[in-house]
Amino acid sequence: MDNAYAAADQSVAGTATDLVTLADIRAAAVRIQDLVLRTPIIALPHPDRRDEVLHLKAESLQPTGAFKLRGAYNTISQVLEESRERGIIAQSSGNHARAVAWLAKRLDLHAVIVMPDAAPPTKVAAVRALGAEVVLVPATERDSRTLELAAEYGYVEVPPYDDLRIIAGQGTVGLELIEQLPDVDVVLVPISGGGLISGIATAIKSLRPEVQMIGVEPEFAADAAESLREQRRITWDTKLTYRTVADGLRTPAVGVHPWGHIRRYVDDIVTVSEDQILTAVRHIAVEGRLVAEPSGAVATAAWMHDLAPRGATVAAIVSGGSVDPALMARVLAD
């Protein structure tokens, strides 16, 4: 797919004009280095072709269990004094919530987290254990309730993905990956709101334009794949996206800012089934000795089922490891 779009080509409705730069991502890397882990690359053999190896970027090993710490810290660090005075608010199904709550505890900030009432109980409990105030709402009210509370109490908002500071922070994953695996040919990245792939793709395409960037979604939440195919930003009903076991990828549409980056830098978006996702969770655990939640395993699922070019050096982002213990027990027992 040809993605050689000029930065100024923003003719599609709902597309932001500003794009994060490599300089923004490098600045974020310096800003977050004291609290964010430089995650390792782990080799994962193919289940059928043992001579083929996938290179896993293990963001599940971050202190909060997911990549979200990067963008949240890059954002909060730039509004720290204001946040101390007014408190912060975020909306998330789990991993961004936990990152914001963890940072609030470390930085002595009051944090309010709006979470969907269908979020995994383990993720809600983890946020509360960090001292944040949790507000549970129907999934369709996540954005509106957050805006209402921010307006009522003056909280500083820390968006989960639709923010240039968030995208720059997530882009530090790409900087590290290129340093760790300079001969990479293809990078597979999970997509939900789009902040992660936007940042990684910006970093990697700025340094190595020939690297193929492929996003991965569940078939049950494939709004980004449809958007790229139709070349317009498409929203799915939450009744559809909430069917997937990958609870971190249920966002009904990519953000406005991420969409601009996806159009410019992402070569393709592929989808995987529920069975393929859970098979990947098991394979990562057994052969990679790494815990991945379903959302964090979709990129690996795409590689396992030949949705990435054969014979290439392929990397996949394991975006999170906050898996429900009961689900993991069932997956490992199969």
Would you say that [X] contacts [Y] through its side chain, given a criterion of any heavy-atom pair below 4.5 Å between the two side chains?
X      : Y      : value
Lys123 : Asp247 : yes
Thr172 : Ile32  : yes
Ser198 : Val20  : no
Val211 : Val186 : no
Thr64  : Asn95  : no
Ser322 : Thr122 : no
Asp117 : Val137 : no
Val189 : Val216 : no

Under 3.5 Å: donor-acceptor pair, side chain of [X], backbone of [Y]:
X      : Y      : answer
Arg250 : Thr244 : yes
Arg282 : Asp334 : yes
His96  : Val158 : yes
Asp162 : His257 : yes
Ser192 : Gly248 : yes
Ser227 : Ile234 : yes
Arg142 : Ala139 : no
Glu217 : Leu249 : no
Arg208 : Val184 : yes
Gln62  : Leu37  : yes

How about Asp48: does its CG atom have over 12 heavy atoms from other parts shown lying under 6.0 Å from it? yes

Exercise. Decide yes or no on side-chain contact (heavy atoms from CB on, under 4.5 Å) for Leu332 and Val286, but give the supporting numbers first.
Key: CA-CA 8 Å; Leu332 292 176; Val286 173; 4.2 Å; yes

Regarding [X] and [Y], do their side chains bring together a donor and an acceptor under 3.5 Å, going by distance alone?
X      : Y      : value
Thr146 : Asp143 : no
Gln212 : Asp185 : no
Gln170 : Lys68  : no
Ser319 : Glu59  : no
Asn74  : Arg31  : yes

Show, in sequence, the C-alpha distance, side-chain angles and deciding distance for Thr202 and Leu22, and conclude whether the side-chain contact (heavy atoms from CB on, under 4.5 Å) test is met.
CA-CA 7 Å; Thr202 299; Leu22 182 60; 5.8 Å; no

Pair [X] + [Y], salt bridge at N-O below 4.0 Å:
X      : Y      : answer
Arg70  : Glu176 : yes
Arg310 : Glu52  : yes
Asp306 : Arg49  : yes
Arg233 : Glu226 : no
Arg50  : Glu287 : yes

Single-linkage hydrophobic cluster, 4.5 Å side-chain cutoff, [X] and [Y] together:
X      : Y      : answer
Val100 : Leu80  : yes
Val314 : Ile317 : no
Val134 : Leu149 : no
Val156 : Val114 : no
Val127 : Trp102 : yes

Looking at [atom1] of [X] and [atom2] of [Y], how far apart are the two atoms once the value is rounded to the nearest 0.5 Å?
X      : Y      : atom1 : atom2 : answer
Arg106 : Asp34  : CZ    : CG    : 8.0 Å
Ser60  : Leu290 : OG    : CG    : 4.0 Å
Tyr73  : Ile166 : OH    : CD1   : 13.5 Å
Ile41  : Leu177 : CD1   : CG    : 5.0 Å
Ile167 : Leu196 : CD1   : CG    : 10.5 Å
Met213 : Asp268 : CE    : CG    : 11.5 Å

Closest non-hydrogen atom pair between [X] and [Y], with its separation:
X      : Y      : result
Ser93  : Ala119 : O-CB, 3.5 Å
Leu327 : Pro294 : CD2-CG, 3.7 Å
Thr241 : Thr251 : CG2-O, 4.2 Å
Tyr161 : Ala253 : OH-O, 4.0 Å
Ala280 : Met304 : CA-SD, 3.7 Å
Pro258 : Gly195 : CG-N, 4.0 Å

Q: Report the C-alpha distance between Glu179 and Arg38 in whole Å, list the side-chain angles of each, state the deciding distance to 0.1 Å, and finish with yes or no for salt bridge (charged side-chain N to carboxylate O under 4.0 Å, His left out).
A: CA-CA 11 Å; Glu179 292 173 0; Arg38 180 184 175 89; 3.0 Å; yes

Q.
If you apply the rule salt bridge (charged side-chain N to carboxylate O under 4.0 Å, His left out), what do you find for Asp237 with Lys239, and how did you get there?
A. CA-CA 5 Å; Asp237 193 296; Lys239 291 179 181 178; 5.6 Å; no

For Asp223, the salt bridge (Lys or Arg N to Asp or Glu O under 4.0 Å) test, sequence neighbours excluded, returns none

Item to complete: Go through the steps to decide whether Glu157 and Ile88 satisfy the test side-chain contact (heavy atoms from CB on, under 4.5 Å), and finish with yes or no.
Response: CA-CA 6 Å; Glu157 188 179 0; Ile88 55 178; over 6 Å; no

Pair Met328, Val281 - check side-chain contact (heavy atoms from CB on, under 4.5 Å), show working. CA-CA 8 Å; Met328 179 60 85; Val281 170; 3.8 Å; yes

Worksheet item: What pairs with Trp303 under ring-ring contact (aromatic ring centres under 6.0 Å, His included), at least two apart in sequence or on another chain?
Response: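 Here the qualifying residues are His46.
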
